[in-house]
Protein chains: 2
Amino acid sequence: MRLTTKGRYAVTAMLDLALHSDQGPVSLSDISNRQGISLSYLEQLFSKLRKRLLVTSVRGPGGGYRLSRSNDDIFVAQIVDAVNESVDATGCKGRSDCQSGNTCLTHHLWCDLSDQIHDFLSQISLEQLVHRNDVRQVAERQNFESRQSCFDSDKIRAAIVD
Amino acid sequence: MRLTTKGRYAVTAMLDLALHSDQGPVSLSDISNRQGISLSYLEQLFSKLRKRLLVTSVRGPGGGYRLSRSNDDIFVAQIVDAVNESVDATGCKGRSDCQSGNTCLTHHLWCDLSDQIHDFLSQISLEQLVHRNDVRQVAERQNFESRQSCFDSDKIRAAIVD
DNA sequence: TAATAACCTACTAAAATAGTCGGGTAAATA
DNA sequence: TATTTACCCGACTATTTTAGTAGGTTATTA
């Protein structure tokens, strides 16, 4: 079962995109600032998300990324699947050759678990997440912090100019 | 979320123990032969399983391991928990400090998922697994193969003596 | 044309996994 | 009592994955 920061970062970034989609394309550096994820790492993740047609990109100044579908048509499972190979809990990726060509003793148990996890994450859309209270609260804090840091960096820039 | 061969091996080994518990203590080398898991690796895993009081050990010739409780009182979640630190899907281990001290945007989602997985694995006992058809079939094949390999190694030994 | 931001490839440090190796120690049996 | 069996323990290691860097190219807009 593969569910690490990679998948978590991807979902977090996509949710950030959903939360700020009203302001036109969202740049990766904005996401990087708000979510504390390194820019280059985000680039790698969004390359995969784009290939899976979950986002579309706009180049040049004022560019960034947009969700390719509406919030209620993108599900957490799709995002995790896009960046990890799968959310498979078996070691053999469902091929049933876990014990040197044969099925291992617990193969079916891990298949059941994989289904369970996949079903759970397949039912959660970005739309649902956007409306959760805990998400809204964290998002509000992040917006405030990122405005602050813009203000701070403006002050620093001004100081340098002086 | 940590669920790799480590946890899978542990559950497989414990299930092997449950399947052969009628024949007295089961040695790790038996489990190693039947399940294709390296002996030294099994030793590491069983050290943890013993500390969590899931198995008891019997030393000396004819010794091995026994389940410390009945099959219906040992659950898959307990086994996985014993060898991994947890089946936690969050990156912060539930501490809510995922984004440099603060809660990250998707923290609660991963908490929900962790609960989901834990609930699922907490409901599955070794007793249930022992009675599954797919498990019985694999176990039967493994018993046959391990008898074969004993027979083979006897023949080899006899050939060497000659 | 200067700045911005996506896009792309290759590299790398750190961590975790999945072991190996070499020695113990305790208990049973011959 | 000697030997065997099998648990016990710690240190070491190869491989893989994760997470992140570095350095460039391409497209767009002001």
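Labels below follow one simple rule: chain letters A, B, ... track the order of the sequence lines, proteins then strands, and each chain is numbered from 1.
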Once you apply a heavy-atom cut-off of 4.0 Å, does B:Y9 come out as touching a base, just sugar-phosphate, or nothing?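 Since only primed, P, OP1 and OP2 atoms lie under 4.0 Å of B:Y9, the category is sugar-phosphate.
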Just to be sure I understand the rule, does B:S38 reach a base, reach only the sugar-phosphate, or reach nothing, if contact means heavy atoms closer than 4.0 Å?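 Touches sugar-phosphate only.
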So, does [X] get its side chain near the phosphate of [N], meaning an N or O under 4.0 Å from OP1 or OP2?
X     : N     : value
A:Y65 : C:dC7 : yes
A:R50 : C:dC8 : yes
A:S57 : C:dA5 : no

Nearest non-hydrogen partners of B:L42 and B:L28, listed with the distance: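 Scanning both residues, the minimum pair turns out to be CD1-O, 3.5 Å.
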Heavy-atom pair with the smallest gap, counting every atom of B:G62 and B:P25: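 Of all heavy-atom pairs spanning B:G62 and B:P25, the closest is O-CG, 3.8 Å.
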With side chain to side chain donor-acceptor pair (under 3.5 Å) as the test, pick out the partner of B:R34 among B:N143, B:D16, B:T12.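 Running side chain to side chain donor-acceptor pair (under 3.5 Å) over B:N143, B:D16, B:T12 with B:R34 returns exactly one hit, B:D16.
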Donor-acceptor pair, A:T56 side chain versus A:S68 backbone, under 3.5 Å?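 It does not hold such a pair.
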Taking atom types as they are modelled, is there a donor-acceptor pair under 3.5 Å from the base of D:dT21 to the side chain of A:Q44?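 Side chain to base: pair present.
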Base C:dC7 paired with A:E43 side chain (donor-acceptor, <3.5 Å):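 Answer yes: a donor N or O sits under 3.5 Å from an acceptor.
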Residue mapping more 5' on DNA chain C - nearest nucleotide basis, B:V58 or A:G60: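 Looking at DNA chain C, the more 5' nearest nucleotide goes with A:G60.
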Give the rounded distance in Å between these two atoms: CZ of A:F46 and P of C:dT9.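 Going from A:F46 (CZ) to C:dT9 (P), I get 19 Å.
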